[in-house]
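Working notes, structure below.
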2 protein chains.
Amino acid sequence: MNREDERPLYLRVADQLRERIRSGELQEGDRLPSVPGLAADLGISRSTASEALKVLISEGLAVARSGSGTFVRLPREPQRLIRAWYRATPYGSPFMQDMHRQGREAGWSYESKTVQASPEIRDRLGLTESTGDAEDVVRTDYVFLADGEPVMLSTSWEPLVVTRGTPIVLPEDGMLAGRGVAERMLSIGMPIDDWVEEVAARLGTAEECERLRRAAGSIMVTIKRTYYSADTQVETADIVVPADRFTLVYSGKMGCVPEQ
Amino acid sequence: MNREDERPLYLRVADQLRERIRSGELQEGDRLPSVPGLAADLGISRSTASEALKVLISEGLAVARSGSGTFVRLPREPQRLIRAWYRATPYGSPFMQDMHRQGREAGWSYESKTVQASPEIRDRLGLTESTGDAEDVVRTDYVFLADGEPVMLSTSWEPLVVTRGTPIVLPEDGMLAGRGVAERMLSIGMPIDDWVEEVAARLGTAEECERLRRAAGSIMVTIKRTYYSADTQVETADIVVPADRFTLVYSGKMGCVPEQ
DNA sequence: TCGAATTTGTGCGTATGTATC
DNA sequence: GGATACATACGCACAAATTCG
């Protein structure tokens, strides 16, 4: 069976399947050989055939549908997300504009709550004065959609010390709903003049992978973003995007020359 | 055996081990229970115990050493890499300055070659005129070190059409060796006035993981960077950093107000 | 240096549950 | 309902790496 057993059998079987995908013989949405089928064809055990398929799944090249089969799922060319601190556009938030430029139908759903900030969030928002047990931020959880599919998660925190008593306390309420943080803050006299984004990457949690319809253990790019107005933090957010779908684009000029 | 089988057994065992790590009972470097040990202790099969450990490994909370055991490996606090287009500093390149600020001994090794650019690199450098089979770029492969350990890979391409005949044809040669691209280009009258970075994440290749001394299959953050001088591309680079060691920091002001 | 014991990795077999068609 | 598929769980065996006396 093994004229050369440098590499484990299940990896060699995975190589073989990967090659059939790469060559175009198996295309997007095609069904890969089933576990029993592979085992019979190659004269290997079902456990080993299953291991080989798991390799492709963990690489994001395939998805398993219980009871149905394992299907090729080619990574799309990643979309570009332009990271910029402020872009007033007819399409609303920066995400909406990026999707619109790429000819995709964008949408989002959200849920806002007034809550007490965690120590980390308090730190990121520069909330030094104690408010006891009082609620001090509005937390909004977003799911962003492209062509109806969830593609980005974001959790945003805005300090009540900034927004309390203004018409924009709730991010997705009122005239400026869906227009993005920058425009909303501008409307209450707090123009955003600086931002910081900390970019990292890690495996997605089970919940993130499920909400973004990715295979368990998919790689996620994470962004911790903070917006400033005159050295005051007015918003901070945790953003999660699947690494196989997005490339983040930063550029030297965007801080100086907002696009119109 | 299962009074409630909502979740698979191997996931519940993984939960249990994860909790022992989270609580501090098992610390960095400690050995997790062995597969046969777990199986005996919990009255489960070795296959199931092995599956449970694989979950923690895939989450990056543990590493397996064949023949030795499976060990807790808590993620370190990642270092920050400040991404900025130009920072003239007494410490040379931006990488050197970041490491110096964090009190780490920085260094690098490199290798330069004059080569013919690939189509992708030609595109990134805006080289539209054909040069036949002639060599048209200087390619430099860097390994950056922190405290003697390799932490970042970078491959840089500079078009000969810009640097030919100048004292800085070879990046790490002459007076400005180690001073960074920005200073070198400035010295030949090509000040860098714009940059674009495309940030993505993926699994590291076998070679990258080995050169950066990471476990096979570690997550890497990749940056495709291009420097411009008056709308002319003067350099492009592919940068690879291990995701568990670095966070990239971008900020709105750095494009306008270079640090001194 | 050698060998015994332990551990992970791989591969085989089987069985059952459950989802899909 | 029946056939097929994946997911989980059990069992066993051997190879390779490591550790330790």
Side-chain angles (χ1 to χ4, degrees), chain A residues 1-17 26 29-73 206 209-210 213-217, chain B residues 1-17 26 29-73 206 209-210 215-217:
Chain A
M1 170 98 16
N2 315 343
R3 48 193 174 287
E4 56 174 17
D5 45 13
E6 337 156 1
R7 281 156 58 78
L9 178 55
Y10 73 101
L11 287 181
R12 301 204 304 273
V13 174
D15 289 344
Q16 187 179 322
L17 293 170
L26 291 170
D30 285 358
R31 219 188 70 177
L32 285 157
S34 72
V35 170
L38 254 189
D41 288 354
L42 302 180
I44 60 178
S45 78
R46 281 183 292 219
S47 326
T48 306
S50 174
E51 283 297 313
L53 286 171
K54 275 182 194 159
V55 171
L56 295 192
I57 291 168
S58 80
E59 288 172 348
L61 282 174
V63 282
R65 282 205 280 276
S66 187
S68 175
T70 305
F71 299 84
V72 176
R73 196 176 168 300
C209 292
E210 206 222 318
R213 314 273 166 82
R214 321 306 293 165
Chain B
M1 171 96 19
N2 315 345
R3 49 195 172 283
E4 57 174 16
D5 46 14
E6 338 156 1
R7 280 156 58 78
L9 178 54
Y10 74 101
L11 288 181
R12 300 203 305 274
V13 174
D15 289 345
Q16 189 178 319
L17 292 171
L26 291 170
D30 284 359
R31 220 189 69 176
L32 287 157
S34 72
V35 170
L38 253 189
D41 287 354
L42 303 180
I44 61 178
S45 76
R46 280 182 290 215
S47 326
T48 305
S50 174
E51 282 298 312
L53 286 170
K54 276 183 196 159
V55 171
L56 296 193
I57 291 167
S58 80
E59 288 172 349
L61 282 174
V63 283
R65 282 204 282 275
S66 185
S68 175
T70 305
F71 300 83
V72 176
R73 192 182 167 291
C209 292
E210 206 220 318

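By convention in this document, chain letters (A, B, ...) are assigned in the order of the sequence lines, proteins followed by strands, and residues within each chain are numbered from 1. Every value quoted in this text rests on a predicted model; they were computed, and no experiment measured them.
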Roughly how many Å is it from [atom1] in [X] to [atom2] in [N], rounded to a whole number?
| X | N | atom1 | atom2 | value |
| --- | --- | --- | --- | --- |
| B:Y10 | D:dC10 | OH | P | 13 Å |
| B:K54 | C:dT7 | NZ | C1' | 14 Å |
| A:E51 | D:dT8 | CD | C1' | 13 Å |
| B:F71 | D:dA17 | CZ | P | 17 Å |
| A:L53 | D:dA5 | CG | C1' | 11 Å |
| B:I44 | D:dC10 | CD1 | P | 6 Å |
| A:R46 | C:dA15 | CZ | P | 9 Å |
| A:R7 | D:dA15 | CZ | C1' | 18 Å |

Within the 4.0 Å heavy-atom criterion, would you say B:R65 contacts the bases, only the backbone, or no part of the nucleic acid?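 Since only primed, P, OP1 and OP2 atoms lie under 4.0 Å of B:R65, the category is sugar-phosphate.
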Tightest non-hydrogen contact, residues A:A62 and A:L32, listed as CB-CD1, 3.6 Å
Under the side-chain hydrogen bond (donor to acceptor under 3.5 Å, both in side chains) rule, what pairs show up with a residue in residues 35-49 of chain A, not counting sequence neighbours?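 Listed by first then second residue: A:S45-A:T48.
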Could you grab the distance from atom [atom1] of [X] to atom [atom2] of [Y], nearest 0.5 Å is fine?
| X | Y | atom1 | atom2 | result |
| --- | --- | --- | --- | --- |
| A:I57 | A:T70 | CD1 | OG1 | 5.0 Å |
| A:E51 | A:L11 | CD | CG | 9.5 Å |
| B:Q16 | B:L42 | CD | CG | 5.5 Å |

Strictly below 4.0 Å, heavy-atom distances to any atom of DNA chain C: list the hits from residues 29-39 of chain B, or just say none. B:R31, B:S34, B:V35, B:P36
Under 4.0 Å between a side-chain N or O of A:T70 and OP1 or OP2 of D:dC6?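 Yes, within the criterion.
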Are any of B:S66's side-chain N or O atoms less than 4.0 Å away from OP1 or OP2 of C:dT8?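 Answer no for this pair, as no side-chain N or O of B:S66 is under 4.0 Å from OP1 or OP2.
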Nearest-nucleotide comparison on DNA chain D, the residue closer to the 5′ end among A:G67 and A:S47: A:G67
pair A:L38-A:L17: side-chain heavy atoms closer than 4.5 Å: yes
Among the candidates D:dT19, C:dT20, C:dG9, find the nucleotide nearest to the side-chain atoms of A:S68.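 That would be C:dT20.
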